[in-house]
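A short worksheet on the structure shown next.
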Amino acid sequence: MEELRFEENSVLFGNDPTEGIVAAELAGRFVRLLIRDESGVRFKDDPFHPFILLENSDIISGCGISVEMEPLAGNASFRFLARFRDWHDCLAARDFLAKTTGISPSHPSATYLFLNDPVHQHLLLTGKTLFKGMEFDGLRRLALDIETDCAPGHDFSNPSREEDRIVSVALMEESGWSAVLSGHELSERQILERLTTLIRERDPDVIEGHNIFRFDLEYIRIRAARHGVKLAWGRDGSEPHFHPSRFTVAERIVDYPRCDIYGRSIIDTYFLVLLYDVSARELESYGLKQVAAHFGLAAPDRTYLAGEEIAKTYREQPELLARYNLDDVRETLAVSRLLSFPYFLQTRIFPYSYQNIPVRGNATRINALFLREYLRQRHSIPRPGSGGEFAGGFTAIFEQGVVGPVVHCDVASLYPSILLSYKLSPEDDELGLFLPLLADLCRFRLAAKKLAREATDPSRHEYFQALQRTFKVLINSFYGYLGSALHNFSDPRLAGEVTRIGRELVQKIIAELQVRGARPVEVDTDGIFFIPPRIVASPETENALVREISALLPEGIDLEADGRYCSMFSYKMKNYALLDYQGRVSLTGSGLRSRGMERYLREFLHEMIILLLQGDDGKIEQIASDYIIRIREHRFDINWLARTETLNESPATYRQKVRQGKRNPSAAYELALASGRDCRAGDQVSYYVTGSAKGVAAYQNCKLASDFDPGKPDVNVPYYIDKLQQLKRRFSSYAQREPSLFD
DNA sequence: AGCTGTGGCAGGGAGG
DNA sequence: CCTCCCTGCCAC
């Protein structure tokens, strides 16, 4: 066994608990790993290209831990991962770290500090202590928000001018402690110094803010550098580390300057809101005020100030600005309390820090579970495969237009159930972890669900609800994990097998429904809308029909009835509207409820569909002409006419692509470029179309919604009327009455 | 530097 | 007009 020594008296440590593990591709022999300096460790200089699992390592000196290398079992390409010499050293290191950093071993950022901690390994597969440990309420959470003197429209990302200074900083804890640092009493330098002192004194575990990465911290970094103020915010007195990073939420990519503070976690409520809305899809805006109002967290006497009023308010009514600033941090704490808890829980499950849990994808987190257990068992880890394409779920539309009554049934947890009941696991999983892990997680989820149901205390109920939802997402990600090309145990061929079985099962269900006289309407992957046969007209008989078909399916595959509707407007695949027996309407699909659609069109469409569902088509024409009059008379607020688009790439990338003919010009990017502001991927732009003809190119005739002057409305009236009429025409053919009524 | 997948609808622009 | 391609958004 060859021993590998780090610099004398040094130990690996970092905010990400899988740190300390350095995997080297050995090419048949052991290599020496080079650990270089005391800043954020990067191993890229190593000639053998060691594969670094963990990021943002720091070396702190003072503890004599060395690292050995030894062969691992199996034939996978990564032969070894460094580990601490023995368990005793590992514990000693932990004690040492606890003493020097003030982070207790039970703290979320320390829980999985050591990958080869057999206690924590055990937890994963038995779950014994999953419900124990540190409480969320035990965290010291500090919300931070800054206000600046930056003129409206001026480039926030480069606040280099004297007058762009920070004029107010608010801090607050849920305990009620708060502070406002005002430019009327302190110079900017003093504000930054006082902020540093307060952070040291309050010693938060978590620093929270809304858009804190992209705005507050970045702004503070630049201003502190200007004054030469040392931001000694770390628990070891070190300064924050910044580096560019990106965060993906569904199809959206957000560029942000990542910030790491030694011994603390940073939680950006803006990111949590983005994650929340992936499944909820209900937020109009991701701004703090709108989000707080949406969740009912805004105080009734909350102070509101428009962005461009801030500098003026600072000068003329400083106490008003302070109130506004404090209201911001208060709302940040409330939004965080609402949304961050599930991520806190996950720090006990995954070997990632509290700060990193929300920014890692599901598959990456699952991968970490596998790595941890393989390392514990000293087994080698396969190199990620090359990927591969495979077909997805079965989707079909059998009937279009307004139909009813309609019943919805779906296969409970289709893909996880297929994996478990057909016993499918990835090819390279030599230790056979995949299925036991999935089965364990399913058992945990059911246990948590049961506890949630039985809980009498509302806070315990919410706790277990959050827990079971966390598990649900995790369980559903196992299939997605298989399909990715990036992870060590992925297996796209198997993912294809899972979807193939899923397609067969759903098609069998459709056939059985038809045999029994039901008419399928719309099918997507695991759920079917159908018109029941006439004799099936009560919830009881509908359930019986579904149960009868469920009994024909393999063990472990369960079909459930999960909704009944008096009327359904079946528009296109993945696009439909439902009217339930309580008179509630829901719209589904990008064609019916896309946020990319202008507000006035969305509202018009909504009204039109309600009429279709109620068989009241005759009123559509009247509503359309009302809308047209409102457009003509400029009675719509500009935000109802404007489109809001998310920039999914940086404007610079966009410009390059347009020049190379790789993409078409687009209004939102053109405006972002023209505004001179430094826009990043993930920013949103609201614009409207100008001009006087309906056929104009939007990218040449557009203005930012914020530049709209109600006194001189220059919206392109024919353009907006035409869009409304096109929309009406698209739906007119689905009306039950004569289409001629519509044109 | 980091990343779960496939499938479907609509808008906008370019070019025939 | 139409088709093609890209992008954005959404369902599952």
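Order of the sequence lines fixes the chain letters, A, B, ..., with proteins taken first and strands second; residue numbering starts at 1 for each chain. Being a predicted model, the structure only gives us computed values, none of them experimental.
- A/Glu670 and A/Tyr687 are not linked by any side-chain donor-acceptor pair at a separation below 3.5 angstrom, with hydrogens and angles left out of the test.
- Dashed line: the shortest gap from a side-chain N or O of A/His487 to OP1 or OP2 of B/dC3 is not under 4.0 Å.
- Nucleic acid contact class of A/Phe478 (heavy atoms, under 4.0 Å, all strands): none.
- Straight-line distance from the CG atom of A/Leu275 to the C1' atom of B/dT4: 14 Å, rounded to whole Å.
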Each nucleotide in nucleotides 7-12 of chain C should get exactly one letter: B, S or -. Can you fill that in based on protein heavy atoms under 4.0 Å? SSBBBS
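- Using a cutoff of 4.0 Å between basic side-chain nitrogens and carboxylate oxygens, A/Glu504 and A/Arg500 are scored as salt-bridged.
- Here A/Arg599 pairs with A/Glu603 in a salt bridge; the nearest charged N to carboxylate O distance falls below 4.0 Å.
- A/Tyr343 contributes no side-chain N or O that, together with a main-chain N or O of A/Val359, makes up a donor-acceptor pair within less than 3.5 Å.
- Nucleic acid contact class of A/Gly392 (heavy atoms, under 4.0 Å, all strands): sugar-phosphate only.
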After noting the C-alpha distance and the side-chain angles of A/Tyr571 and A/Phe731, does the key distance pass the ring pair (Phe, Tyr, Trp, His ring centres under 6.0 Å) rule? CA-CA 9 Å; A/Tyr571 174 51; A/Phe731 287 87; 4.6 Å; yes
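- Per the geometry, CZ belonging to A/Arg730 stands 18 Å off P belonging to B/dG8, to the nearest Å.
- Side-chain atoms of A/Glu645 and A/Tyr669 form no donor-acceptor pair, as typed in the model, at a separation below 3.5 Å.
- Looking at which nucleotide of DNA chain B each of A/Tyr719 and A/Gly388 is closest to, the 5′-most match is held by A/Gly388.
- Across all strands, A/Tyr571 comes closer than 4.0 Å only to sugar-phosphate atoms, never to a base (heavy-atom distances).
- Counting to the nearest Å, the C1' atom of B/dG5 and the CD atom of A/Glu389 are 11 Å from each other.
- A donor-acceptor pair under 3.5 Å is absent between the side-chain atoms of A/Tyr688 and the main chain of A/Asn716, judged by distance alone.
- Under the ring pair (Phe, Tyr, Trp, His ring centres under 6.0 Å) criterion, A/Phe530 pairs with no residue at all, not counting sequence neighbours.
- The same atom, P, is picked in B/dC3 and in C/dC12; the two are 27 Å apart, to the nearest Å.
- Rounded to an integer number of Å, the gap from CG of A/Leu724 to P of B/dG11 is 12 Å.
- Contact annotation for A/Ser484: backbone-only contact, meaning every heavy-atom pair under 4.0 Å involves sugar-phosphate atoms and none involves a base.
- Ranking B/dG12, B/dA1, B/dC9 by closeness to the A/Arg643 side chain, first place goes to B/dG12.
- Listed pair A/Lys572 / B/dG7 fails the phosphate criterion, with no side-chain N or O lying under 4.0 Å from OP1 or OP2.
- A straight line from OH of A/Tyr720 to C1' of B/dG11 spans 13 Å, rounded to a whole angstrom.
- The distance between atom OH of A/Tyr481 and atom P of B/dG5, rounded to the nearest whole Å, is 13 Å.
- Distance alone, capped at 3.5 Å, is enough to place a donor-acceptor pair between the A/Ser490 side chain and the A/Ser484 backbone.
- Protein atom CZ of A/Arg729 is 15 Å distant from nucleotide atom P of B/dA10, rounded to whole Å.
- Using modelled atom types and a 3.5 Å distance limit, the side chains of A/Asn367 and A/Tyr481 yield a donor-acceptor pair.
- Using a 4.0 Å heavy-atom criterion, one finds that A/Ala391 contacts the sugar-phosphate atoms exclusively.
- In the region residues 490-500 of chain A, proximity to DNA chain B at under 4.0 angstrom, judged on heavy atoms, holds for none of the residues.
- For the pair A/Leu419 CG and B/dG5 P, the computed distance is 16 Å after rounding to whole Å.
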